[in-house]
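For ligands, and for the atoms within them, numbers begin at 1 and follow the listed sequence. The analysis underlying the following values was restricted to heavy atoms, covering all of them including side chains, and did not include hydrogens, waters or symmetry mates.
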Amino acid sequence: MRVFTLLCALCFVLKEAQAWGYKDGIFHNSIWLEQAAGVYHRESRKGRYQLTYKEAKAVCKYEGGALATYDQLEAARQIGFHVCAAGWFDRGRVGYPIVKAGTNCGFGRIGIIDYGYRLNKSEKWDVYCYNPNSKECGGVLTDQQRIIQSPGFPEEYQDEQICYWHIRVRLGQRIRLHFREFDVEDDMGCLADYLEVYDSYDDVSGFAGRFCGDDLPEDIISTGNVMTLKFLSDASVTAGGFQLQYTAAEGSLFSQNYTHYLH
Ligand SMILES: *[C@@H]1O[C@H](CO)[C@@H](O)[C@H](O)[C@H]1NC(C)=O
């Protein structure tokens with residue numbers, strides 16, 4: 001149900017503004033904000049419309065999913081999935097789902113805006129993936145305070161997980177992450193399993209740290225009202241996982257007591 005509520009908040013935002021860009025201080029180019037019925041929209045780390053068909057397939061597969069079919073995209077659209085960006089879906093088709101008619105997007109029509117099967121698979125678009133398991137971890141968090149933990153915590157986490165948590169609190173607030181438990185497969189450089197923290201609404205900019213092993217990381221405080229956490233585990237060896245709590249507070253309330261400020 002929470003996903004649905006978020007989507008309707010998104011519909012409103014999309015109606016209010018152009019699909020992407022700054023709105024209320026939040027940069028809307030997120031990777032997993034738009035998600036329904038196992039379908040989600042993804043763009044390249046390089047930005048919008050940068051994926052060939054082959055790369056688009058690889059993006060979905062990397063995360064354990066596949067390209068969405070037309071029917072899956074339509075099923076998601078019917079529960080409010082609205083994205084103003086054309087992406088590849090199954091069998092080399094390109095289009096995007098529109099719930100609310102607008103002049104800036106979808107030519108005033110609703111439904112799947114269908115660019116058809118592309119003959120040229122080197123064209124570059126975004127992508128629509130389908131992964132019914134993707135909702136098991138991650139999400140968009142807007143509460144003032146929440147616990148975030150690895151999937152299944154305190155049991156060991158599973159292999160081949162990828163989770164994104166986007167934290168978004170009120171404009172003018174900052175976010176403090178406080179780690180309670182931390183045990184993630186240790187290796188030099190944290191290449192196997194890791195938790196990454198970004199002082200940003202996506203995992204492209206604002207890199208603030210990559211963590212593995214069993215040392216409890218210090219508190220981390222954002223510079224703005226958004227943060228992104230990414231947890232990735234590879235195909236072997238798992239560990240106990242992690243648990244942390246985030247708390248939002250007015251920027252001015254954060255004192256010098258906290259140890260790790262971002263700049
Ligand atoms: C296919 O698309 C790519 C990328 O837009 C373009 O560079 C290329 O010229 C196109 N090929 C053909 C045969 O139209």
Exercise for the section: Output yes when a protein non-hydrogen atom is found under 4.0 Å of atom 2 (O) of ligand 1, and no otherwise. Expected result: yes
Problem - F182 and F179 aromatic ring geometry - parallel, tilted or perpendicular at 30°/60° bounds - result: perpendicular
Problem - Y70 and F89 aromatic ring geometry - parallel, tilted or perpendicular at 30°/60° bounds - result: tilted
Practice task
Considering heavy atoms of the protein only, find what lies nearest to atom 6 (C) of ligand 1 and give residue, atom and distance to 0.1 Å.
Solution key: N120 ND2, 4.2 Å
Practice task
Just need the protein heavy atom nearest to atom 4 (C) of ligand 1, so name the residue and atom and give the distance.
Solution key: S122 O, 3.5 Å
Exercise for the section: For atom CG of L119, decide whether the heavy atoms of other residues, nucleotides or ligands shown that lie under 6.0 angstrom number more than 12. Expected result: no
Completion exercise
Of E74, H41, R77, the one forming a side-chain contact (heavy atoms from CB on, under 4.5 Å) with P97 is R77
Practice task
Hey, can you tell me if Y96 and Y115 have their rings parallel, tilted or perpendicular (30° and 60° cut-offs)?
Solution key: perpendicular
Exercise for the section: Using protein heavy atoms only, decide if any is under 4.0 Å from atom 14 (O) of ligand 1. Expected result: yes
Handout entry: Nearest-contact summary for atom 5 (O) of ligand 1 - protein heavy atom, Å
Key = E123 CA, 4.1 Å
